Amino acid sequence: MSRATALAWLTAALLTLAPAAALAAECPRTSLADIEDEVMCPVCGTALGIAGAPQAKRERELIKSLVAKCMTKEEIKDRLVAEFGPRVLALPARKGFDLAVYVVPIAALLLGLVGLGLALPRWRRRRAAGIAPVSDGEAFPEADARRLADDLARYDL
Amino acid sequence: MRAGPITALIAAAALVGLLTYGVSTSGSDTTLDEALARDERPAAPDRRLPVLGRDETGSLAEHRGTVVVLNFWASWCVPCRDEAPLLQRIHERIAERGGTVLGVTYNDASRDALAFVKEFGNSYPSLRDVEGELYRAYGNVGVPETFVIDRRGRIAAIFRGPVQRAPLERALAPVLAEPR
């Protein structure tokens, strides 16, 4: 075998083995612990991480087998959705009634901000209006002055 | 009335409406049971779903003209294990008279469901209700649940919970005797 032929064989072998070696180096790409707090045990109705039912055990075994196949976290979650439907994801879906989980807090926050935006200037105006007579140096109402004098007279200071 | 209280009232009403909607949609649907109680045969809900163990989809409509024993099951469900041999025997018996058992898996991984089918030697097909749409359409509250569907695609009997041989055979007899 000539040197050129040997070099070609070596290059071909390296090209073939390199992706597999790279894959092996990256594998596993995720872990059960990394996934089980982001998915549900659909039968138990709780997060998989805290579920102890036999069904949860089976789901964990399925995840472990997918981890062993070197699948990424997202790939495994996609596979779980294909097996159990979107309800397997711990976060509610962003459609239908579940959308309310995301929309209601934002809407409430916006509504609160709008309310504050409307109310604050009014409060300021009212407060300013309440202080103005005194700060403007207007005459102290006579009735109030008399009452104040009477009150002070009652105290032996 | 000022704008503040009106806004608060609208927000509160919207919140109550949202809660009412959530509660009303999360309960089980008893429409089918009520129709049967009135001696009616309601149309059997149908969806096109993946067939367990095959790279294809199937539906109840494909069995129109045959009597179908529709059984919702899961490999993790203990009563489903108890009734699996009975359903296989029923399937073999009614197949000669133009009937079939059609399984629907619910909340089950396909590999577990396939292992279950292999273990009990069930020869009837099963659909995979991954999203639980068909399950909800039948007003199910758990598994197993079994429905006898006549040749015209209408529900003739409902068995909520595990099914027993005698009641199932009693429900099947008149439906199988109906003209094709």
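Chain identifiers are assigned alphabetically (A, B, ...) following the order of the sequence lines, protein sequences preceding nucleic acid strands; residue numbering begins at 1 within each chain. Remember, it's a predicted structure, so these values are computed and weren't measured experimentally. Quick note: numbers below take in every heavy atom, side chains included, and nothing from hydrogens, waters or symmetry partners.
Linking ILVMFWY side-chain heavy atoms closer than 4.5 Å, directly or via other members, places V68(B) and L36(B) in a single hydrophobic cluster. If you chain together hydrophobic residues whose side chains sit under 4.5 Å apart, Y138(B) and L102(B) fall into the same group. Linking Ile, Leu, Val, Met, Phe, Trp and Tyr whenever their side-chain heavy atoms come within less than 4.5 Å leaves V175(B) and L32(B) in two separate clusters. Under the 4.5 Å side-chain contact rule for hydrophobic residues, L86(B) and F159(B) share a cluster. In the hydrophobic clustering of this structure, F72(B) groups with I155(B); members are Ile, Leu, Val, Met, Phe, Trp, Tyr whose side-chain heavy atoms approach within less than 4.5 Å, directly or through other members.
Within residues 31-48 of chain A, the residues having any heavy atom under 4.5 Å from a heavy atom of chain B are, by residue number, P42(A), V43(A).
Counting all heavy atoms, side chain and backbone alike, L62(A) lies closest to A109(B) at CD2-CB, 4.1 Å. Contact between R128(B) and A82(A) at its shortest, heavy atoms only, is NH2-O, 3.6 Å.
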Name the atoms and distances for all side-chain donor-acceptor pairs under 3.5 Å in residues 49-59 of chain A, with sequence neighbours left out.
from	atom 1	to	atom 2	distance (Å)
R58(A)	NH1	S75(B)	OG	2.5

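In the displayed structure, E56(B) atom CD is contacted under 6.0 Å by more than 12 heavy atoms of other residues, nucleotides or ligands. Around atom CZ of R124(A), no more than 12 heavy atoms belonging to other residues, nucleotides or ligands sit under 6.0 Å away.
With contacts defined as side-chain heavy-atom distances shorter than 4.5 Å, the pair E83(A)/D108(B) does not qualify.
Put simply, of N107(B), D129(B), D112(B), the one with the most heavy-atom pairs under 4.5 Å next to chain A is N107(B).
For V81(A), the part lying near chain B is the backbone, with the side chain staying farther off; criterion is any non-hydrogen pair under 4.5 Å.
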